[in-house]
Amino acid sequence: MTTLTGPAAARVSPWALSSFWFGTAFHWLLLLLILMPADVVRFVGEKQKGTYLGLLVGIGAILALVLPPLIGTLSDRLGKRMPFIRWGVSINVIGLVIMGLTSVLLPAAGLTGFWLYLLGFLLVQLGNNVATSPYSALIPELVPQELRGRYSGVMGQLQAVGQLLGAVLAFGLGQLGLPPVISYVLIVAVLVGSAALTLSQVPEPGIKAQPESRPGQHWASFGASLGRALAVVAVLGAGYLLLARTLPGFSLVMAFSLPALVVLAVIVALALERRGAVGMTLHPQLGSRLMTVFLYQPFLWVFITRMLFSLGQYSVQPFLQFYNADVLGQKNPGTATSIMLACIIVGSIVSALIGGRLSDRLGRKPIIYVAGSVMAAAAVLLLFAPSFVTALVIALAFGLGYGAFVSVDWALGSDAMPSAATYARDMGLWHVAFVAPQLSSAPQGFLLDWGNTRGLAQGLPHLGYYIVFGIAAACFMLGVLLVRNIRGVR
């Protein structure tokens with residue numbers, strides 16, 4: 001069975017459809033990269049800032065890992081998308097208000113308030129996932145397959161513009177010395193405004209709700225699934241902490257085992273396909289059992305390749321400031337990193353719309369081949385850049401590749417959905433492939449420090465950067481090679 005396409009008659013503006021994604025990109029860049037690090041310092045001081053910021057980011061990543069498939073399943077069963085966006089944005093705004101007021105009022109009064117701040121962040125994560133999981137299903141439901149590249153390109157372009165706007169506003173507000181609460185107000189205004197445009201211009205897809213045997217069964221099923229997922233996360237978290245305390249080299253083992261686990265996942269997927277366990281036909285229990293979606297061949301390989309590209313991205317992105325200081329010798333690495341990120345974003349804006357339109361004509365795979373190869377080459381070349389200016393040119397090239405990849409990303413994911421009855425659930429599960437690699441930043445950071453220490457002892461400076469950036473390049477190229485395995489998609 002081939003992937004179902006959206007109804008050709010449902011023509012909506014790609015800019016209106018992608019508007020909410022613009023607001024979400026602005027929201028997360030300003031919150032995660034600018035506001036939260038500064039807020040944590042005000043709460044706990046310089047000595048414990050890394051520990052508490054890591055706690056916030058880790059909890060957020062786990063929620064973003066668990067919630068999308070569950071909320072997507074509930075949305076599929078109720079047959080609704082837009083109410084989830086409304087309720088999700090409302091909860092998100094409440095969380096932002098709590099974070100903003102807590103970060104301003106309590107430190108001024110001599111109170112810590114970190115745990116109230118954490119509560120606000122949990123509400124932000126909950127609300128954002130409630131909104132974005134069903135929202136992710138709108139492209140496959142409303143956009144015909146032959147136009148998905150164009151729509152995916154617009155979404156990638158608005159994502160980059162939102163990030164660039166957030167960075168520029170953060171710089172401007174910092175130069176003016178305005179209080180952080182202004183930034184929270186701006187986030188709320190942009191998020192609500194972008195969501196309002198999408199809600200007013202994009203119709204409800206009109207999917208059929210799944211029948212229930214008794215009132216409230218869908219919500220009871222959702223609660224039970226959420227409870228089981230959180231229990232698994234709690235057990236895994238406790239196990240990780242126990243191993244970290246009892247085995248001094250555990251973080252190093254985690255860092256080195258990460259590439260091995262990825263290779264193992266690829267080998268298992270290839271073995272399953274060779275044995276005929278995965279294919280182009282739907283599994284009989286696909287509608288009721290979450291993990292059987294991986295028995296649909298296109299979705300399996302889209303998920304794996306998406307995870308590889310994300311793993312490559314998060315192997316480099318968190319350490320760009322350290323790279324500018326240690327490898328390029330920049331005296332102000334923060335400013336240098338801001339300029340480098342601006343080059344990446346500008347490059348991605350240029351290529352996003354072009355790549356999406358080309359993918360409708362040439363197919364998704366050729367764009368991925370070129371984009372992934374450019375990103376891999378840029379990750380390696382950064383290690384040999386003789387000057388900061390050269391590094392900026394390489395960063396611009398990386399941005400061109402990244403923008404082209406993002407422009408095809410949503411279209412490729414939409415094309416690989418196995419069933420129209422579970423779009424929100426499966427797009428939510430596909431989103432996990434983007435979120436899960438964020439958890440690799442901690443062991444990759446440990447690997448970076450370990451490599452640099454060993455390199456200095458053996459006369460190989462910056463060895464840690466060669467290892468981490470090399471892993472990134474390998475992930476990009478492996479993703480390029482495996483994209484060809486996706487059958488039924490050009």
Side-chain angles (χ1 to χ4, degrees), residues 3-28 67-68 71-93 127-162 165 187-209 352-353 356-357 359-360 406-415 417 419-428 430-431:
T3 304
L4 297 174
T5 61
R11 297 292 299 273
V12 298
S13 165
W15 304 100
L17 183 61
S18 303
S19 173
F20 180 55
W21 201 241
F22 161 82
T24 300
F26 177 87
H27 167 284
W28 284 118
L67 290 175
I71 294 170
T73 299
L74 181 62
S75 175
D76 287 330
R77 291 178 176 177
L78 295 176
K80 297 292 183 182
R81 306 293 186 224
M82 300 307 173
F84 283 87
I85 298 177
R86 295 189 188 95
W87 281 104
V89 170
S90 299
I91 297 171
N92 195 333
V93 168
N128 198 262
N129 280 283
V130 167
T132 55
S133 300
Y135 170 76
S136 300
L138 293 178
I139 279 188
E141 286 175 333
L142 295 177
V143 181
Q145 190 172 23
E146 63 272 15
L147 293 177
R148 286 176 182 168
R150 176 193 172 195
Y151 278 67
S152 180
V154 171
M155 186 165 282
Q157 190 177 40
L158 285 185
Q159 173 183 324
V161 171
L165 179 62
I187 292 176
V188 171
V190 171
L191 185 66
V192 172
S194 65
L197 180 59
T198 296
L199 288 168
S200 63
Q201 298 297 318
V202 178
E204 181 73 56
I207 56 178
K208 186 178 180 181
L353 193 56
R357 289 179 178 271
S359 77
D360 286 333
V406 170
S407 73
V408 181
D409 193 27
W410 282 80
L412 187 63
S414 299
D415 291 347
M417 292 297 105
S419 173
T422 55
Y423 273 149
R425 182 200 69 179
D426 298 338
M427 288 296 285
W430 169 77
H431 185 67

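A quick note: this is a predicted structure, and the numbers were derived from the prediction, not measured.
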Where [X] and [Y] come nearest, the two heavy atoms and their spacing:
| X | Y | answer |
| --- | --- | --- |
| Val406 | Gln159 | CG1-OE1, 4.1 Å |
| Met155 | Leu17 | CE-O, 4.4 Å |
| Val12 | Pro203 | CG1-CD, 3.4 Å |
| Tyr151 | Ser13 | CE2-C, 4.2 Å |

Checklist entry - Within the distance-only criterion (no hydrogens, no angle test), does the side chain of Ser75 pair as donor or acceptor with the backbone N or O of Ile71 below 3.5 angstrom? => result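 It does not hold such a pair.
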Can you name the ring pair (Phe, Tyr, Trp, His ring centres under 6.0 Å) partners of [X], sequence neighbours left out?
| X | value |
| --- | --- |
| Phe26 | none |
| Trp28 | none |
| Phe22 | none |

Partner residues of [X] under the side-chain contact (heavy atoms from CB on, under 4.5 Å) criterion, sequence neighbours left out:
| X | result |
| --- | --- |
| Val154 | Pro14, Trp15, Ser18, Leu158, Leu353 |
| Ser19 | Ser194, Leu197, Thr198 |
| Leu199 | Met82, Ile85, Arg86 |

Checklist entry - In this structure, which one of Asn128, Asn129, Thr24 forms a side-chain contact (heavy atoms from CB on, under 4.5 Å) with Asn92? => result Asn128
Checklist entry - Aromatic rings Tyr135 and Phe20: how do their planes relate, parallel, tilted or perpendicular, breaks at 30° and 60°? => result perpendicular
Next on the checklist: I'd like to check the side-chain hydrogen bond (donor to acceptor under 3.5 Å, both in side chains) partners of Gln157; sequence neighbours left out, ordered by chain and number.
Outcome noted: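 Expected list: none.
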Next on the checklist: Just so I know, are the side chains of Ser133 and Leu67 near enough to count as touching, which here means a heavy-atom distance under 4.5 Å?
Outcome noted: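 A side-chain contact under 4.5 Å is absent here.
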